[in-house]
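One structure is given here, and the rest of the page talks about it.
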Amino acid sequence: GQQLNQSPQSMFIQEGEDVSMNCTSSSIFNTWLWYKQDPGEGPVLLIALYKAGELTSNGRLTAQFGITRKDSFLNISASIPSDVGIYFCAGRRGAQKLVFGQGTRLTINP
Amino acid sequence: EPEVTQTPSHQVTQMGQEVILRCVPISNHLYFYWYRQILGQKVEFLVSFYNNEISEKSEIFDDQFSVERPDGSNFTLKIRSTKLEDSAMYFCASVRPTGLAEAFFGQGTRLTVV
């Protein structure tokens, strides 16, 4: 089946540092989505990517849809305490199910 | 802003009992999904629903599970005879009808089977 490999699994950084995480797949996706999940909450959409090579920003967040359509990365610049949480990538082909990565748990030391 | 709502937020049930988890998707959305997340693990696909029928289901979604959209607004997930390993967060999601493929998630129902 379709699998997404997300890395790193966890990150421990200092406030103010930049963060980078990525997802790779053996399958091609037409859409890449990045979600953030706070404890006890549902995933909240951060950025959606629809075209290979697309680079999209949302405030301090930047994400790119890989040229091969098999990977995507998310960068967070100048991290702040509220960035703490679990970040998930997700991929979709057409109207098929959204497939999630394993998540990256971000911890920030003040 | 429209959102997906789920009830209850927390359900505790005895093993072997039936549970129904409820979702109200965003009103003009047409694709609906149930996902589950065992504590500390990734979000796993259970089932997708379109045009009043299941369009895709995972191997997790066995005969003990069923979904229904009884009245055009609610979308329910039923587990007939719960097992301990069904304990998880269950998320409902909906996708708007055209163009963009973004899925919007509810807050989840935490199911605890004892």
Original post:
So what's closer than 4.5 Å to chain A heavy atoms on B/Tyr50: side chain, backbone, both or neither?
Top reply: neither
Original post:
Under 4.0 Å between a Lys/Arg side-chain N and an Asp/Glu carboxylate O for A/Lys97 and B/Glu56?
Top reply: yes
Original post:
Relative to the ring of B/Phe105, is the ring of A/Tyr35 parallel (under 30°), tilted (30 to 60°) or perpendicular (over 60°)?
Top reply: perpendicular
**OP:** Give the ring-plane orientation class for A/Trp32 versus A/Phe29, where under 30° counts as parallel, over 60° as perpendicular and anything between as tilted.
**Re:** perpendicular
Original post:
For chain A, which of B/Val4, B/Leu39, B/Val43 has the most heavy-atom pairs under 4.5 Å?
Top reply: B/Val43
Original post:
Are A/Asp83 and A/Arg60 within salt-bridge range, i.e. N to O under 4.0 Å?
Top reply: yes
Original post:
Is it the backbone or the side chain of B/Gln37 that comes under 4.5 Å from a heavy atom of chain A, or both, or neither?
Top reply: side chain
**OP:** Would you please classify the geometry between the B/His29 ring and the B/Phe104 ring as parallel, tilted or perpendicular, with 30° and 60° separating the classes?
**Re:** tilted
**OP:** Identify which part of A/Gln37 has an atom lying under 4.5 Å from any heavy atom of chain B, answering side chain, backbone, both or neither.
**Re:** side chain
**OP:** Could you tell me which portion of A/Leu33 (side chain, backbone, both or neither) has an atom closer than 4.5 angstrom to a non-hydrogen atom of chain B?
**Re:** side chain
